2 protein chains.
Amino acid sequence: MTPPPNPGPAPEPTVATSPEPAAVPGPDPAGAPPPGPAVGTLRLDQHVCFSLQSASRAFNGLYRVLLKDLGLTYPQYLVMLALWEHGTLPVRRLGEHLRLDSGTLSPLLKRLEAAGLVHRERSARDERSVEVRPTEEGLALRERALGLPRRIATATGFGLDEIQDLKARLDRLTTALDAAAANEA
Amino acid sequence: MTPPPNPGPAPEPTVATSPEPAAVPGPDPAGAPPPGPAVGTLRLDQHVCFSLQSASRAFNGLYRVLLKDLGLTYPQYLVMLALWEHGTLPVRRLGEHLRLDSGTLSPLLKRLEAAGLVHRERSARDERSVEVRPTEEGLALRERALGLPRRIATATGFGLDEIQDLKARLDRLTTALDAAAANEA
DNA sequence: CACAATTAAATTGCGCACAACTGAATGACT
DNA sequence: AGTCATTCAGTTGTGCGCAATTTAATTGTG
């Protein structure tokens with residue numbers, strides 16, 4: 001089955017915080033058969049989280065196309081970005097940069113190593129730690145990635161300032177959500 | 001291993017569209033060991049896509065906590081939202097609403113059916129299609145979900161107008177990225 | 001020094017996202 | 001009626017994301 005292009009435009013964008021009290025909604029003007037349409041809240045097209053996830057998946061899709069040449073997935077690309085920037089990194093630090101734990105990184109790094117882009121070696125100083133180092137081939141790949149950011153930026157259709165602003169909001173959002181999840185636990 | 005809390009504040013937020021030409025960067029002011037730090041572009045903390053993905057995952061994490069009671073995952077919750085809103089839907093339409101294909105929906109719906117929240121039945125009118133209908137239990141679950149949107153909205157720390165604005169930008173971004181991916185294919 | 005607590009990475013298991021493919025049903029067109 | 005492309009759901013296989021557990025090394029404390 002083909003992945004559908006888009007759910008279409010969203011009528012009333014909110015998170016779902018309309019003044020509806022938590023109760024069964026009244027009679028429906030529109031006509032959905034058994035359950036009334038969620039009158040106030042609980043409407044899919046009101047959820048920012050869904051828009052956020054959709055945008056993230058759309059990014060992923062574009063990267064998938066653009067990274068095909070390089071033989072990388074998007075998460076693998078992020079790992080290589082971190083290594084290009086910082087050189088050798090222990091798995092721990094890599095996880096901090098990428099917000100990933102060893103459960104995700106271990107198999108991913110194993111694949112990058114199999115592809116010859118990365119080398120893993122237990123640290124001599126601390127035998128628990130594993131240092132991840134880009135190979136020559138991994139470093140060489142960087143040159144082929146240099147054009148990507150601009151192509152992506154163009155694809156967004158956003159201006160640089162708008163992108164910066166969006167990024168700042170998202171980072172703020174992430175911090176707030178993390179805090180809430182921690183408190184809720 | 002514990003998932004790390006946050007990569008920390010990002011120095012220069014952009015997509016990675018600084019005026020750097022596509023070539024080997026010059027000498028490094030800072031001192032990362034083997035490969036120079038990506039001077040202009042190619043810096044992880046410059047990528048909106050990463051902030052976007054992080055925010056999406058943070059949302060997911062909060063939902064994971066809040067949905068635990070209901071026995072739903074976040075994608076399953078989105079499916080139930082669509083069913084609460086529209087009643088019975090063929091898999092095809094569900095996929096359009098959620099931007100998912102049958103490869104994802106089929107096993108997910110199978111799990112929802114096993115949980116007793118949903119019923120699947122081949123359409124009499126078109127034997128290819130499968131109608132997904134919320135069960136009584138599935139409809140009853142809605143009442144327990146009514147409080148969620150407000151809790152989520154509060155957790156974002158955003159005002160309603162700011163949320164609307166963010167959502168609008170994200171939808172615009174998704175459209176642009178989808179178009180770019182299609183052209184790039 | 002001994003020993004408990006902590007830390008790092010890996011492994012296991014589950015669920016989602018997506019590409020590629022299969023098989024069945026439908027519709028269009030001759 | 002008969003063929004053929006299309007559409008729909010499902011399956012298979014790969015790769016993430018994350019919880020929970022395991023194993024090993026290190027650190028802290030008495």
Side-chain angles (χ1 to χ4, degrees), chain A residues 1-5 53-54 56-65 67-68 71-79 89-96 98-115 120-132 178 181 185, chain B residues 1-5 53-54 56-65 67-68 71-79 89-96 98-115 120-132 178 181 185:
Chain A
M1 187 180 176
T2 314
Q53 199 209 25
S54 294
S56 184
R57 283 161 60 196
F59 251 123
N60 212 309
L62 179 55
Y63 270 109
R64 192 175 303 119
V65 173
L67 287 173
K68 200 185 232 173
L72 291 176
T73 66
Y74 174 59
Q76 289 167 8
Y77 172 66
L78 293 181
V79 167
L89 280 176
V91 174
R92 173 86 168 69
R93 295 273 166 258
L94 211 43
E96 286 171 3
L98 300 173
R99 192 177 233 256
L100 294 172
D101 65 8
S102 65
T104 301
L105 280 175
S106 286
L108 189 155
L109 291 171
K110 199 182 291 188
R111 283 186 284 272
L112 282 182
E113 188 169 43
R120 286 187 297 166
E121 195 171 18
R122 293 220 93 93
S123 166
R125 203 177 37 69
D126 185 343
E127 290 281 342
R128 292 170 303 181
S129 178
V130 168
E131 302 282 344
V132 182
D178 282 342
Chain B
M1 187 180 178
T2 315
Q53 199 209 23
S54 294
S56 183
R57 282 160 59 195
F59 251 123
N60 212 309
L62 180 56
Y63 270 109
R64 191 175 304 119
V65 174
L67 287 173
K68 199 184 230 174
L72 291 176
T73 66
Y74 173 59
Q76 289 167 7
Y77 171 66
L78 294 181
V79 167
L89 279 177
V91 174
R92 173 85 167 72
R93 296 273 167 259
L94 210 43
E96 286 171 3
L98 301 172
R99 194 178 233 262
L100 293 172
D101 65 8
S102 65
T104 302
L105 281 176
S106 286
L108 190 156
L109 292 172
K110 200 182 291 187
R111 283 185 284 272
L112 283 182
E113 189 168 43
R120 286 187 297 166
E121 194 171 17
R122 293 220 93 93
S123 166
R125 204 177 36 69
D126 184 343
E127 289 282 340
R128 292 170 302 180
S129 178
V130 167
E131 302 282 343
V132 183
D178 282 343

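Just so it is clear, the model here is predicted, and its values are computed rather than measured. Order of the sequence lines sets the chain letters (A, B, ...), proteins ahead of strands, with each chain counted from 1.
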> In whole angstroms, how far is the P atom of C:dA8 from the CG atom of A:Leu94?
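These atoms are roughly 14 Å apart.
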
> From CZ of B:Arg122 over to P of D:dT7, roughly how many Å is that when rounded to an integer?
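To the nearest whole Å, that distance equals 17 Å.
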
> Rounded to the nearest 0.5 Å, how far does OG of A:Ser102 lie from CG of A:Leu109?
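OG of A:Ser102 is found 10.0 Å from CG of A:Leu109.
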
> So what does A:Arg120 hit on the nucleic acid, given a heavy-atom distance under 4.0 Å: a base, only sugar-phosphate, or nothing?
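Sugar-phosphate contact only - A:Arg120 comes under 4.0 Å of backbone atoms but never of a base.
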
> Can you identify which nucleotide, out of C:dA9, D:dC18, D:dA9, has its nearest atom closest to the A:Asp101 side chain?
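Output: D:dC18.
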
> Considering only side-chain heavy atoms of A:Leu100, which listed nucleotide, D:dT26, D:dG17, D:dA9, is closest?
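When the side chain of A:Leu100 is considered, D:dG17 is the closest of D:dT26, D:dG17, D:dA9.
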
> Nearest-Å distance, CG (B:Asn60) to P (D:dA19)?
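That distance rounds to 10 Å.
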
> Of B:Lys68 and B:Gln53, whose closest DNA chain D nucleotide lies nearer the 5' terminus?
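Mapping each residue to its closest nucleotide by heavy atoms, the 5'-most match is B:Gln53.
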
> Starting at the 5' end of DNA chain C, which residue's closest nucleotide do you reach first, B:Thr73 or A:Val130?
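Its nearest nucleotide lies further toward 5', so the answer is A:Val130.
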
> Roughly, in whole Å, what's the span from CG in B:Leu62 to C1' in D:dA19?
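Value for this atom pair: 17 Å.
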
> Kindly point out which of D:dT26, C:dA10, D:dC16 is positioned nearest to the side chain of A:Leu108?
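Within the option list, the nearest is D:dC16.
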
> With the side chain of B:Arg64 defined as its heavy atoms from C-beta on, choose the nearest nucleotide among C:dA25, D:dG15, D:dC18.
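Of C:dA25, D:dG15, D:dC18, D:dC18 is nearest to the side chain of B:Arg64.
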
> What's the closest nucleotide to the B:Arg128 side chain, out of C:dA19, C:dA25, D:dG17?
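For the B:Arg128 side chain, the nearest candidate turns out to be C:dA25.
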
> Using side-chain heavy atoms (C-beta onward) and a distance below 4.5 Å, is A:Arg111 in contact with A:Gln76?
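Sidechains of A:Gln76 and A:Arg111: in contact.
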
> Is any side-chain heavy atom of A:Arg122 closer than 4.5 Å to one of A:Glu131?
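No - every pair of side-chain heavy atoms lies 4.5 Å or more apart.
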
> Map A:Leu105 and B:Pro75 onto DNA chain C by nearest heavy atom, then report which one ends up closer to the 5' terminus.
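With A:Leu105 and B:Pro75 compared, the 5'-side residue is A:Leu105.
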
> So if I take every side-chain heavy atom of A:Arg57 and compare against C:dC18, D:dA9, C:dG15, which nucleotide ends up nearest?
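Among C:dC18, D:dA9, C:dG15, the one nearest the side chain of A:Arg57 is C:dC18.
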
> Using whole Å, what does the distance between atom P of nucleotide D:dT27 and atom CD of A:Glu127 come to?
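About 12 Å, once rounded to whole Å.
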
> Would you call A:Leu94 and A:Leu98 a side-chain contact if the rule is heavy atoms closer than 4.5 Å?
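Heavy-atom side-chain distance check passes, below 4.5 Å.
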
> B:Glu96 vs B:Arg93, test: salt bridge (Lys or Arg N to Asp or Glu O under 4.0 Å). Steps then yes/no.
CA-CA 5 Å; B:Glu96 286 171 3; B:Arg93 296 273 167 259; 2.9 Å; yes

> Nearest whole Å is fine: how far is C:dA17 P from B:Gln76 CD?
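So the CD-P distance, B:Gln76 to C:dA17, works out to 10 Å.
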
> Would you kindly give the CG-to-C1' distance between B:Leu98 and C:dC18, to the nearest whole Å?
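About 15 Å, once rounded to whole Å.
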
> Can you give me the N/O atom pairs linking the protein to nucleotides 11-13 of chain D at distances under 3.5 Å, or say none if there are none?
{"from": "D:dT11", "atom 1": "OP2", "to": "B:Lys110", "atom 2": "NZ", "distance (Å)": "3.1"}

> Is there a side-chain contact between B:Val79 and B:Leu108 (heavy atoms, below 4.5 Å)?
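The answer is yes, as the side chains (C-beta and beyond) meet within the 4.5 Å cut-off.
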
> Which heavy atom in B:Asp178 sits nearest to a heavy atom in A:Ala58, and how many Å separate them?
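Result for this residue pair: OD1-CB, 3.6 Å.
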
> Is it true that atom CD of A:Glu121 has more than 12 heavy atoms of other residues, nucleotides or ligands lying nearer than 6.0 Å?
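Atom CD in A:Glu121 is not packed in, count stays at 12 or less.
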
> If you compare every side-chain N and O of A:Ser129 against the phosphate oxygens of D:dA25 (OP1, OP2), does one of them come in below 4.0 Å?
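Negative; the distance criterion is not met.
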
> Whole-Å distance between C:dG13 P and B:Arg111 CZ?
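Distance check: B:Arg111 CZ to C:dG13 P gives 17 Å.
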
